[in-house]
Amino acid sequence: MPTRTELPVYQPDLYSASAIRDTYPHYAALRHLGPVVWLSKHKVYALARYAECKHVLLDDETFVSSGGVALNPVANRMGQGTTLFSDGDDHARRRSLLAHRLTPRALRAMKDMVEEQAVAVVEAAVAQRTVDAVEVAMALPMSVVPDLVGWPRQGREHLLRWAGATFDALGPLNCQAVRTLPASVGMMRYARAVVRDRSVLDSSLGHDLLRAADDGRIMPAECATMMIDYLAPSLDTTISAISSALHLFATHPEQWRLLKADPDLVPNAVNEVVRYESPIRGFSRTTAHDTELAGIPLPKGSRLLVLYGSANRDPLEWDDPDTFDIRRDAARQLGFGQGTHGCAGQGLARMETSAILRALVDKVDRIEPAGTPEWALNNVIHRLERLPLELVPA
Ligand code: HEM
């Protein structure tokens with residue numbers, strides 16, 4: 001059995017600006033080195049292959065989240081009290097408080113509204129013809145999610161910056177995280193004020209939380225963290241999926257023609273987009289006791305980085321993983337996580353992304369690149385910052 005000193009070691013910084021912007025060669029190198037690789041820069045074990053990532057996500061008793069899923073101790077302390085950073089009964093209690101908001105039934109009630117808004121977004125974009133598709137991708141999540149969470153209308157102009165910063169803070173404590181820390185603290189401060197003033201929108205998820213605190217089902221302090229729990233992960237992620245979809249269809253016109261010819265491929269196309277350009281690069285877990293993974297001994301308290309974006313490109317799992325093909329069965333992709341912490345909002349994210357794709361299929365003949373795309377600099381979110389496209393009307 002290899003000991004830690006015999007483990008393959010990877011020295012490059014996975015969170016440098018260049019590795020964030022061009023991340024796939026690093027993932028390929030990590031996968032090549034082995035199932036478990038020591039990242040010397042961040043002092044963490046990296047899992048870059050599909051099988052080990054899935055194993056760890058499914059064994060939430062050994063690989064726990066309550067020690068935080070970030071790569072730095074500040075965020076791992078600040079995030080305590082969230083669903084994402086909890087285990088066992090605590091996790092189940094937090095998750096069940098809001099589950100009714102995102103069940104298939106609750107989502108069906110939102111479907112018409114989401115689809116109407118998606119059509120309006122696409123019609124406005126087609127009227128402009130040449131667009132920054134990242135702005136197009138922002139419009140739907142920004143109009144759906146803050147209302148669902150009950151965030152007051154005042155203060156929404158900061159939301160995207162705050163939410164992006166919250167993801168940055170979940171990486172290592174590098175310049176990027178330090179620079180954006182005040183914005184994630186700003187979001188927490190604002191959320192606390194919203195809870196204190198009870199200024200959440202009526203009949204919203206935030207309103208459910210206030211009532212749960214009134215009834216003693218949660219601590220009042222949990223209200224603000226749980227609002228952020230649902231707001232922070234629901235914007236950049238979906239914006240990433242929608243803008244990557246637009247980028248991929250612009251650069252793979254044959255795939256766009258397939259989708260236009262058979263719109264029933266939309267749900268699979270969403271899985272393939274999330275597989276191919278996974279919106280979240282990776283989160284971590286810690287071991288609850290001494291254990292082993294792929295024959296590598298891991299002492300209690302070891303931190304492991306689960307790289308969803310790399311698992312989804314692992315050639316041991318996928319045929320031709322670097323090819324974007326909406327006909328492949330991509331349902332087992334790990335971009336929404338897996339197991340007990342699997343994304344609570346994936347039904348909504350799928351609905352929003354599908355609604356935009358269906359409206360595009362209806363209103364757009366061709367999607368053409370109209371400039372050089374730019375990837376955003378964020379420790380955890382993998383998304384485009386700028387994407388000039390021409391939408392040629394149908
Ligand atoms: C394409 C869009 C999205 C992607 C790719 C995504 C991805 C993920 C991933 C990978 C996790 C697992 C975290 C872990 O393993 O520790 C997660 C958890 C979560 N997501 Fe999403 N997400 C998306 C959209 C959303 C939306 C729209 C919402 C809310 C409305 C949401 C709310 C959550 C919550 C609350 C959790 C924590 C679940 C738990 O710890 O039990 N996400 N998401």
Side-chain angles (χ1 to χ4, degrees), residues 65-87 90-91 93-99 101-102 138 141-142 144-171 177 180-201 204-213 217-240 279-280 283-284 336-337 341 343-346 348-349 378-381 383:
S65 297
S66 49
V69 303
L71 279 196
N72 73 81
V74 179
N76 283 336
R77 220 176 16 253
M78 271 175 63
Q80 290 300 318
T82 60
T83 319
L84 190 64
F85 283 26
S86 43
D87 291 312
D90 227 14
H91 172 258
R93 177 181 61 87
R94 291 195 174 114
R95 190 141 166 165
S96 68
L97 272 173
L98 298 174
R101 289 276 169 190
L102 295 162
M138 282 174 184
M142 281 304 284
V144 171
V145 179
D147 280 353
L148 176 78
V149 175
W151 203 258
R153 303 214 188 277
Q154 203 186 0
R156 289 191 181 184
E157 64 279 13
H158 303 296
L159 269 183
L160 264 181
R161 189 171 52 88
W162 284 347
T166 307
F167 273 113
D168 253 328
L170 297 176
T180 50
L181 208 56
S184 49
V185 172
M187 188 182 211
M188 180 51 94
R189 206 174 280 143
Y190 190 79
R192 287 204 184 114
V194 166
V195 170
R196 188 191 58 224
D197 303 343
R198 301 184 74 90
S199 55
V200 294
L201 303 185
S204 63
L205 182 153
H207 194 238
D208 291 349
L209 288 172
L210 287 183
R211 285 220 311 260
R217 282 176 290 140
I218 57 170
M219 306 286 287
E222 282 178 281
C223 285
T225 36
M226 286 189 64
M227 275 184 78
I228 292 181
D229 221 1
Y230 278 76
L231 195 60
S234 55
L235 296 171
D236 280 282
T237 49
T238 316
I239 293 166
S240 162
I280 297 187
F283 281 143
S284 71
F336 287 112
H341 286 278
C343 179
Q346 62 181 291
L348 178 60
N378 188 295
N379 281 327
V380 172
I381 282 285
R383 84 157 166 87

key: Heavy atoms of other groups near R189 CZ, more than 12 under 6.0 Å   = no
ask   = Can you tell if the side chain of I280 reaches within under 4.5 Å of the side chain of T237, non-hydrogen atoms only?
value = yes
query = To the nearest 0.5 Å, how far apart are CG in D168 and CD1 in I381?
reply = 9.5 Å
query = Would a 4.5 Å heavy-atom cut-off, applied to side chains only, mark S204 and V149 as touching?
reply = no
key: Distance-minimising heavy-atom pair for A70 and A169   = CB-O, 4.4 Å
inquiry  = Using the rule given for salt bridge (charged side-chain N to carboxylate O under 4.0 Å, His left out), can you reason through D87 versus R94, listing the C-alpha separation, both sets of side-chain angles and the distance that settles it, and then say yes or no?
reply    = CA-CA 10 Å; D87 291 312; R94 291 195 174 114; over 6 Å; no
query = Which pair of heavy atoms, one from R93 and one from R217, lies closest together, and at what distance?
reply = NH1-O, 3.4 Å
message = Just verifying a value: how many Å separate L160 CG and M142 CE, rounded to the nearest 0.5 Å?
response = 4.5 Å
task = Take L159 and R156, measure what side-chain contact (heavy atoms from CB on, under 4.5 Å) needs, and give me the verdict at the end.
result = CA-CA 5 Å; L159 269 183; R156 289 191 181 184; 4.2 Å; yes
inquiry  = To the closest 0.5 Å, what do you measure between OG (S65) and CG (D90)?
reply    = 12.0 Å
remark   = So CZ of F283 and CG of L71: to nearest 0.5 Å the spacing works out to 10.0 Å
query = Mind checking whether I218 and C223 have side chains closer than 4.5 Å, heavy atoms only?
reply = yes
key: Trace of the side-chain contact (heavy atoms from CB on, under 4.5 Å) decision for Y230 with L102   = CA-CA 11 Å; Y230 278 76; L102 295 162; 3.6 Å; yes
query = So how far is it from L170 CG to L84 CG, rounded to the nearest 0.5 Å?
reply = 7.0 Å
query = Is the backbone of S86 close enough, under 3.5 Å, to the side chain of H341 for a donor and an acceptor to pair up by distance?
reply = yes
Separation of M227 CE from D208 CG (nearest 0.5 Å) = 11.0 Å
query = A221 and T225: which non-hydrogen atoms are nearest, and at how many Å?
reply = O-OG1, 3.6 Å
request  = Work out which heavy atom in A183 is nearest to a heavy atom in R161; give both atom names and the distance.
outcome  = CB-NH1, 3.8 Å
request  = Give me the ring orientation class for Y190 and W151: parallel if the planes are under 30° apart, tilted from 30 to 60°, perpendicular past 60°.
outcome  = tilted
query = Less than 4.5 Å apart, any side-chain heavy atom of L348 and any of S234?
reply = no
key: T83 side chain reached by M226 side chain, heavy atoms, under 4.5 Å   = yes
task = Give the minimum heavy-atom separation between M187 and L231, together with the two atoms involved.
result = CE-CD2, 3.9 Å
query = Taking the side chain from N72 and the backbone from V74, do they hold a donor-acceptor pair closer than 3.5 Å?
reply = yes
message = Measuring only between side-chain heavy atoms, which start at C-beta, is D229 closer than 4.5 Å to F85?
response = no
request  = Determine whether more than 12 heavy atoms belonging to other residues, nucleotides or ligands lie under 6.0 Å from atom CD of Q154.
outcome  = no
task = Answer yes or no: is there a side-chain heavy-atom contact under 4.5 Å between P279 and R383?
result = no
Min side-chain heavy-atom separation T166-M188 under 4.5 Å = no
key: Main-chain N/O of M219 paired with E222 side-chain donor or acceptor, under 3.5 Å   = yes
note = Between P233 and I228 the two heavy atoms that sit nearest each other are CD-O, 3.5 Å
